[in-house]
Amino acid sequence: MAGFLMDNYPPQPVTFVRGEGSRLWDVDGKSYLDFLGGLAVTSLGHAHPAVADAIAQQARTLLHVCNLYGTTIGPEVAETLDRLIGGGGRIFFANSGAEANECAIKLARKWGGGAGRGPNGRGRYTVVSTYGSFHGRTLAALAATGQPAKHEPFQPLPEGFRHVALGDIDAMDVAIDPKVVAAVLVEPIQGEGGVNVPPKGWLGEVRRLCDERDVLLVLDEVQTGLGRTGEWFGFQHEGVRPDVVTMAKALGNGMPIGACWARAEVASAFVPGDHGTTFGGQPLAAAAARATLAVMEAEDVPARATRAGARLGEGLAALPGVASVRGRGLLLAAELTDRQAKDVAGAALAAGLVVNAVTPTAIRLAPYLLVTDDELDEALDILETVLC
Ligand SMILES: Cc1ncc(COP(=O)(O)O)c(C=O)c1O
């Protein structure tokens with residue numbers, strides 16, 4: 001059957017058919033401990049009953065009407081997200097992280113006056129992002145992604161993107177030319193790039209440069225958002241105030257939904273007709289997000305991620321073959337001393353633990369945020385066996 005799918009992904013070693021909490025089962029009935037969560041998506045675990053019930057009930061009530069008409073659940077979710085971000089903003093719903101970022105990039109261009117044709121004629125449309133970043137696979141999100149090898153097969157990409165090294169404030173200072181730059185787009189922690197944490201204070205310095213030059217600070221919280229790093233959003237560790245925040249992954253606990261939040265004044269650059277989507281914010285996806293956020297708040301997932309992340313990080317650092325551990329909360333990478341990460345991830349999978357190789361020499365761990373101490377210890381035991 002896989003023969004009918006395009007060859008976008010490497011050969012898949014396992015076929016999963018069922019999940020519950022932190023467990024997955026394959027077609028042969030073998031069980032696995034899932035410490036990847038579908039790439040940091042299933043933050044409440046698989047088949048969470050509250051989310052499953054909300055989806056089932058909504059499926060019987062109203063799936064979709066499109067954005068030409070009002071619905072009730074999306075606006076409710078928008079209000080909750082605005083509160084968790086800090087208030088004073090507006091939300092656009094999308095269906096993925098890349099789409100949330102496309103919205104942010106288009107908003108920044110509109111706000112900056114595009115290539116000189118905007119109402120304020122400022123002609124600022126360039127977006128500065130960091131090398132090693134990942135912002136998605138659609139063309140503009142790909143152009144913002146700071147990984148030249150991923151650009152190569154798809155040239156020419158849209159113009160108006162430049163990149164600087166993560167943590168290099170002098171390079172950022174040079175890159176933010178106020179005549180052409182509309183926005184800086186960064187992840188508070190680079191996820192796909194290797195779980196790279198910028199130096200403390202760097203984000204605040206970027207904010208200062210943006211303020212000085214009237215440039216938007218757009219934070220891609222697609223992977224870091226919604227409790228994973230130990231705060232609702234990664235920027236909250238640094239006490240900065242963003243202009244735009246994008247999110248997706250954990251928002252529907254597996255139901256595809258993304259969102260772009262912007263300060264109300266920035267959001268007002270969009271007028272009807274500027275940007276849209278058929279599915280974004282539809283009742284089914286919004287019902288999943290509403291249920292997900294309600295459980296996240298009731299369980300105080302940021303606090304749980306902080307606690308569990310400390311235990312997991314300490315356990316990883318003590319394993320043989322682990323040189324160092326980086327990340328925050330439950331978004332961690334273990335840098336290996338002398339093994340290929342792909343081999344270790346493959347051996348862990350065979351031993352019943354799902355993790356992935358986030359770089360050639362580091363494995364990523366992003367378990368669900370309700371992970372128990374027993375599950376953490378079980379994962380560490382499997383990894384110890386694999387690494388010995
Ligand atoms: C930080 C970040 N931004 C954007 C994306 C793209 O999200 P999606 O795959 O849902 O388009 C990802 C996906 O890994 C991501 O980690």
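Ligands are counted one by one from 1 in listed order, and the atoms in each one are counted from 1 as well. Everything numeric in this text was worked out from a predicted model, so none of it was measured.
In this structure, K249 has a heavy atom closer than 4.0 Å to ligand 1.
Of the heavy atoms in H135, only backbone atoms (N, CA, C, O) come closer than 4.0 Å to ligand 1. Of all the heavy atoms of N101, the ones lying under 4.0 Å from any atom of ligand 1 belong exclusively to the side chain.
The side-chain heavy atoms of V180 and Y125, taken from C-beta on, include no pair separated by under 4.5 Å. H64 has its side chain within reach of T278: a pair of non-hydrogen atoms, C-beta onward, lies under 4.5 Å apart. Between D220 and F134 there is no side-chain heavy-atom pair separated by less than 4.5 Å.
Residue, atom and distance of the protein heavy atom nearest to atom 16 (O) of ligand 1 are Q223 NE2, 2.8 Å. The shortest contact between atom 10 (O) of ligand 1 and any protein heavy atom is with G97 N, 2.8 Å. Scanning the protein for heavy atoms near atom 2 (C) of ligand 1, the closest one is F134 O, 3.2 Å.
A salt bridge links D373 with R311: at least one charged nitrogen is closer than 4.0 Å to a carboxylate oxygen. Checked for salt-bridge contact, D211 and R207 meet the test: a charged N lies under 4.0 Å from a carboxylate O. Here D274 pairs with K110 in a salt bridge; the nearest charged N to carboxylate O distance falls below 4.0 Å. By the 4.0 Å N-to-carboxylate-O rule, R328 lies too far from E231 to be salt-bridged with it.
Between E99 and ligand 1, not a single N/O pair is under 3.5 Å apart. Residue-to-ligand polar distances keep G136 apart from ligand 1: every N/O pair is separated by 3.5 Å or more. Where the criterion is an N or O separation shorter than 3.5 Å, residue side chain and backbone included, A248 fails it with respect to ligand 1.
The ligand atoms of ligand 1 that sit less than 4.0 angstrom from a heavy atom of E187 are 1 (C). Near D220, meaning under 4.0 Å from any of its heavy atoms, are these atoms of ligand 1: 1 (C), 2 (C), 3 (N), 4 (C). Of all atoms in ligand 1, listed by their number and element, those nearer than 4.0 Å to a heavy atom of E192 are 14 (O), 16 (O). Each of the following atoms of ligand 1 lies closer than 4.0 Å to a heavy atom of S96: 10 (O), 11 (O).
The heavy atom nearest to atom 11 (O) of ligand 1, considering only A94, A40, A98, is found in A98.
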Q. R213 and D173: salt bridge (Lys or Arg N to Asp or Glu O under 4.0 Å), yes or no, with the steps?
A. CA-CA 10 Å; R213 296 166 202 187; D173 190 2; 2.4 Å; yes
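Protein heavy atoms are found inside the 4.0 Å sphere centred on atom 8 (P) of ligand 1.
Classified by interplanar angle (parallel below 30°, tilted 30° to 60°, perpendicular above 60°), the ring pair F16/Y32 is perpendicular.
Here the closest heavy-atom approach between residue A285 and residue M255 is recorded as CA-CG, 3.6 Å.
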